[in-house]
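Have a look at the structure below before the remarks.
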Amino acid sequence: MLGTVLLFGMTLLFVTGLLSYAAYNPGLAPVNDKTPDKGLLGFYLFAWPTDPHWLYRLTQGLHVTVGITLIPVLLAKLWSVLPRLFALPPARSLAHALERLSLLLLVGGALFVFATGVLNVQLEYVFPGSFYPLHFYGAWVFFAAFVAHAALKLPQTVRVLRAGGLRERLRTHEGHGPDDEGEDGLAAPRPAEPTVSRRGALGLVGGGSLLLFATTAGQSFDGWPRATALFAPHGGAEPGRGPGAFQVNKTARSVGVGPDRTGDSWRLVVAGPGRTLRLTRADLLGLAQHTADLPIACVEGWSTSDQAWSGVRLRDLAALAGYEDDAPAVLVESLQLRGSFRKAALRDNQVRDPRSLLALRVNGADLTPDHGYPARVIVPAAPGVLNTKWVSRLTFGEL
Ligand SMILES: Nc1nc2c(c(=O)[nH]1)N[C@H]1C(S)=C(S)[C@@H](COP(=O)(O)O)O[C@H]1N2
Ligand SMILES: [Mo]
């Protein structure tokens, strides 16, 4: 039963994980992605769409929420197969030896992707180097072993699920199922006295998962549900009150962005081939203003509801840079001096979407310093990390 839950759950995690990687525009390397030697593993990469505008909010919310919810299931599954770890003789045949070797990748890979994933959403950047290549390669190693394992165990799984009598067996802690005994069975050779029924054990796992779900899912919403996200690294609290009171990732202060650099001396550089403009905030407010209702959806799993952003269309700025009706990709740079995410590259489909803005205002007021004053990028369906704050330069076409 645990294996069946993981079969679907881990597949969902793998698919939403790859989608998140595709959404990051890794094709625009090396600005967004420094993963070396992707080679064949980049085969699925495609231009991440801008519709529906809540797409990344959904896929990444699922990835993180389902991942956290599956932790008790994974641990219980590993516990349930513990007797097999000490099976003697360690290898009965070459095939058996190979299968056990693949389990090293399966179990090691699962623990690795879960550990790195949890550390990342908890903002504990203890990795050697960047999280992305570690989690990315870990996921491929794990999933290759997972596919092999699922294929090898499928006949046994089907047999057990078909055999019926599940309800009956759940009620007791005695006796073994049809496939528990024998060389490939999971029955402990010299079991201790049982302390819990099968139903009790499953209840514990399910209860644990439910508890984690109930204390995680709220971070995908604004308002009171966010307060239920007890393990959210941002405390689940909404920052302050007013138009800018929705979740902030890094505050201006934490990355050294102060009023000395965002005040009247600030200029936006808009560059295209053979053309460079320097615009003040007043210049930008003098251009055609548009409004788009879009969320911020972070790779860490949290997201906000739609906020009403207003400012200048990226494609209008591309036109100023010399691209009248064929806006190209753009490199966005922040005035931020330290920390990560100071640069991001956006694809042409993202620049061309009429809802993609260099936002100057949100919810009817000027951007707050923490949300990127004097100007920030906001793009529909894009991961939060591509929505650069405190923008200082847009370079069109040179990617
Ligand atoms: N310059 C800059 N822009 C940035 C970041 C940053 O650290 N520096 N963080 C990014 C990330 S990871 C996210 S999720 C969003 C969060 O936007 P918010 O703080 O306005 O909610 O901003 C993005 N833009
Ligand atoms: Mo983020």
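Read the numbers this way: they start at 1 and go in the same order the structure lists the ligands and their atoms.
The environment of D260 atom CG is dense: over 12 non-hydrogen atoms of other residues, nucleotides or ligands sit within 6.0 angstrom.
Ring centroid separation for the pair F146 and F143 comes in under the 6.0 Å cut-off.
Sorted by first and then second residue, the side chain to side chain donor-acceptor pair (under 3.5 Å) pairs involving residues 201-213 (not counting sequence neighbours) form an empty list.
Atom OG of S220 and atom CZ of R226 lie 8.0 Å apart (nearest 0.5 Å). Here the OG atom belonging to S303 is positioned 10.5 Å from the OH atom belonging to Y56, to the nearest 0.5 angstrom. Here the straight-line distance linking atom NE2 of H149 with atom CG of L154 works out to 11.0 Å at 0.5 Å rounding.
Near ligand 1, heavy-atom contacts under 4.0 Å come from Q247, V248, N249, K250, I296, C298, W302, S334, Q336, S340, F341, H371, R376, G384, V385, N387, T388, K389, W390.
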